[in-house]
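Order of the sequence lines sets the chain letters (A, B, ...), proteins ahead of strands, with each chain counted from 1.
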2 protein chains.
Amino acid sequence: MTAAPRPTMADVAAAAGVSRALVSIVIRGAAGASESTRARVLDVARDLGYRPDTRARLLRSSRTRLLGVVFNVTEPFHAELVELLYVAGGARGYAVTLSATGPRRSEQKAMESLLDLGVEAAIVISPATPAARLAGTPVPVVAMLDAPGGPRAGVVSSVHTDEAAGIRLAIRHLRGLGHRHIAHLDGGEAVGSAARRLAYAQAMAAEGVPPLIFHGGPLESDGSRAARELLAAMGARAGTGHDTREGTAKGRAAGAPTAVVVFNDRSALGALDTFRTAGLDVPGGLSVVGYDNSRMARLEHINLTSIGQDGQALAEAAVAAAVDRIAGGPVREAVVSPWLEPGGTTAAPTPPGS
Amino acid sequence: MTAAPRPTMADVAAAAGVSRALVSIVIRGAAGASESTRARVLDVARDLGYRPDTRARLLRSSRTRLLGVVFNVTEPFHAELVELLYVAGGARGYAVTLSATGPRRSEQKAMESLLDLGVEAAIVISPATPAARLAGTPVPVVAMLDAPGGPRAGVVSSVHTDEAAGIRLAIRHLRGLGHRHIAHLDGGEAVGSAARRLAYAQAMAAEGVPPLIFHGGPLESDGSRAARELLAAMGARAGTGHDTREGTAKGRAAGAPTAVVVFNDRSALGALDTFRTAGLDVPGGLSVVGYDNSRMARLEHINLTSIGQDGQALAEAAVAAAVDRIAGGPVREAVVSPWLEPGGTTAAPTPPGS
DNA sequence: ACAAAAAACTAGATCGATCCACTAAACTGG
DNA sequence: CCAGTTTAGTGGATCGATCTAGTTTTTTGT
């Protein structure tokens, strides 16, 4: 038994007794067909099981109504965004096609495959490619989750969370609990690290408290390493500080941090582990705030206080920015507000000596 | 400044002084061109920055050399497979195009978008669609990570891990440590759950120990719930009621499990959390084995003993199966062996009363 | 009631490649 | 040296849709 070949527009046209062009008009929902024939053609199409052939449409039409998304398949938050981008694109009449990057597949390669497919714009999540090259792409590019106000601003559209606001939320939350000395474990060279570090420094300056920054990174192991440095520094303050009260039983020196804001959740988990292994109670002895509100942070036994990014708002803004630029609009930057997801790793500080 | 339109084969042909058909032959690497012109055409193509237009190729050629992959974007292991499928496909001269499923995007829809693009075969990871419908697809379908020997066998090709072997590895590992009573928190209605449950029951039967199964599911919350039931059952067996605060080995009745094999890692993490929150030491009071060897399981502070699936072998087998069926080969089933990744959540049982 | 305008519909070119049938050139072998 | 075969290269149809420029029909205004 031979598989019946898939019906084409010509088949539908013949069956409905109209021209191919009219079928095209009806299928596209374009103007130029009466309600009655529209209904009839649609009926026939359904009966025949007609589905438009994407390849042909892509080839012929100047408006492919296709958005390309470059994402890193190993990043959980990217995955979440991809799903939301499908929805946001669909709502504006755009299909979405994916191209993954990974250890064996470069961003460049992923981009090229999208261009060969005829996307009208590309959304690149956490771009690693230099802005100059991205700007050279023959279709509009939207950078998602890139560093705010970074070198890409003004060259490619950018959609990201308000990193400074996120850090401020964390610090305000901790201040509200009574913390005064708050350290930061940064993200090292990772994308977004510089912005969060700066926001931290500014927020602390605004409070008139000296910043205390430890060099970390995006991974669990980075957070763990930075946490050890923090512990060492606390020990040093407690042990050698000039105003140490003798006996320092619970021994926390004035000026030693009672809370720490970490670059991201993965890094925060590493830090958490290190603190607890060292016998430091969290949140009793030290409060910890992460960033990303990842699924892992929300696991019951981790329950990390974290800054959440609004995936849906980000996805909608990215699609909006892409569609805008396709329509000839300007390069623009969209900033989405984060929120603070309270968890069990933050609490009021225990008064020294108690 | 107007963007220069992308060069086509006609442009290359004109510049090289040959016909379009010959350029096509050279670009495809087909037979019918001399070495010298081949080199010349390739040179010209490079100079012009020519890249073949995927849309046109897809439309015209009967051999699109495109594989479609349907995956669930929220599943970490799917993500890993996607990356490996790109590589495995590329090695056999196939491009790979993705279509994600998710809470708002059905498998059906994902499939259709692939078919509209002209894929030669589709690889569906963890299919939820009934076999009958998958078999009705106009291109060959390969089901990946589906239940072994399930209803799909013989209808669509299937590539999966030897689930029974995985469970046996877990149980043998635990027996080797000295465990005798081993419980199972199953995956509920999830894909693969039935196979693992059966393998567990058979392995226990072979050891002459009664099976002890708790109804769970694929998520952290499912594992947590099942774990609570297990704790309740243990409490009942020990006859001590629900005093969880001072758990551990103290009140363990003969016949109470000293180890548990959980459906997957996510579920195992939920269970781990519940056990530890209840004051039960892992692995001191209870050993836990997960399944998937996910990245989360490998985090330093989690370090879950888990059954690992060989992603690369799975990906290569899936592509091989797809290519085979495209070439007219038979439906077939490929089974890949898992391994046990030792972690810190399994240890010898503490003798009761110690 | 009739010309002008709008709406409904169609023929044929076109997108950029592949594929098929064919010709021209180069290479055999007896 | 010429028929026969192989290799190199070409023109034109074709994939299935969209788009442009028309033609026919209907509606509208006066």
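For B/Ser61 (side chain) and B/Arg63 (main-chain N/O), a donor-acceptor pair under 3.5 Å exists by modelled atom type. Under a 3.5 Å cut-off, the side chain of B/Arg57 and the backbone N or O of B/Thr64 do not form any donor-acceptor pair.
Using a 4.0 Å cut-off between charged nitrogen and carboxylate oxygen, A/Glu83 and B/Arg104 count as a salt-bridge pair.
At whole-Å resolution of the value, CD1 in B/Ile25 and P in C/dA17 are 15 Å apart. Atom C1' of nucleotide D/dT18 and atom CZ of A/Arg20 are separated by 10 Å, given to the nearest angstrom. When rounded to the nearest whole Å, the span between CG of B/Leu58 and C1' of D/dT14 equals 16 Å. Atom CD in B/Glu120 sits about 14 Å away from atom C1' in C/dT18, given to the nearest Å. Distance CZ (B/Arg38) to C1' (D/dG9): 12 Å, rounded to an integer number of Å. Here C/dT18 presents its C1' atom at 12 Å from CG of A/Leu59, a figure rounded to the nearest Å. Across the protein-nucleic acid pair, B/Arg60 atom CZ and C/dC15 atom P stand 17 Å apart, rounded to whole Å. Computed from coordinates, the A/Arg51 CZ to D/dC15 P distance equals 21 Å when rounded to whole Å.
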If you restrict it to nitrogen or oxygen atoms, what contacts under 3.5 Å exist between nucleotides 24-27 of chain D and the protein, and what is each distance?
none

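Inter-residue side-chain proximity for B/His160 and B/Val335 is flagged as met; some heavy-atom pair is nearer than 4.5 Å. With contacts defined as side-chain heavy-atom distances shorter than 4.5 Å, the pair B/Leu67/B/Val119 does not qualify. B/Ser24 has its side chain within reach of B/Met9: a pair of non-hydrogen atoms, C-beta onward, lies under 4.5 Å apart.
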Q: Take A/Gln309 and A/Thr161, measure what side chain to side chain donor-acceptor pair (under 3.5 Å) needs, and give me the verdict at the end.
A: CA-CA 7 Å; A/Gln309 305 196 56; A/Thr161 297; 2.5 Å; yes
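Using a 4.0 Å heavy-atom distance criterion, A/Ser24 is classed as a base contact. At the heavy-atom level, A/Val18 lies under 4.0 Å from the strands shown only through sugar-phosphate atoms. Nucleic acid contact class of A/Ala33 (heavy atoms, under 4.0 Å, all strands): sugar-phosphate only.
Residue A/Ala21 places its side chain closer to D/dC19 than to any other of D/dG11, D/dC19, D/dG16.
For A/Arg28 and D/dC19, the shortest distance from a side-chain N or O to OP1 or OP2 is below 4.0 Å. Dashed line: the shortest gap from a side-chain N or O of B/Ser61 to OP1 or OP2 of D/dC15 is not under 4.0 Å. Contact annotation: A/Ser62 reaches the phosphate of D/dC19 (side-chain N/O to OP1 or OP2, under 4.0 Å). Proximity of B/Thr37 to the phosphate of D/dA8: no side-chain N or O atom is located under 4.0 Å from OP1 or OP2.
Map A/Met9 and B/Ala31 each onto its nearest nucleotide of DNA chain D; the residue landing nearer the 5' end is B/Ala31.
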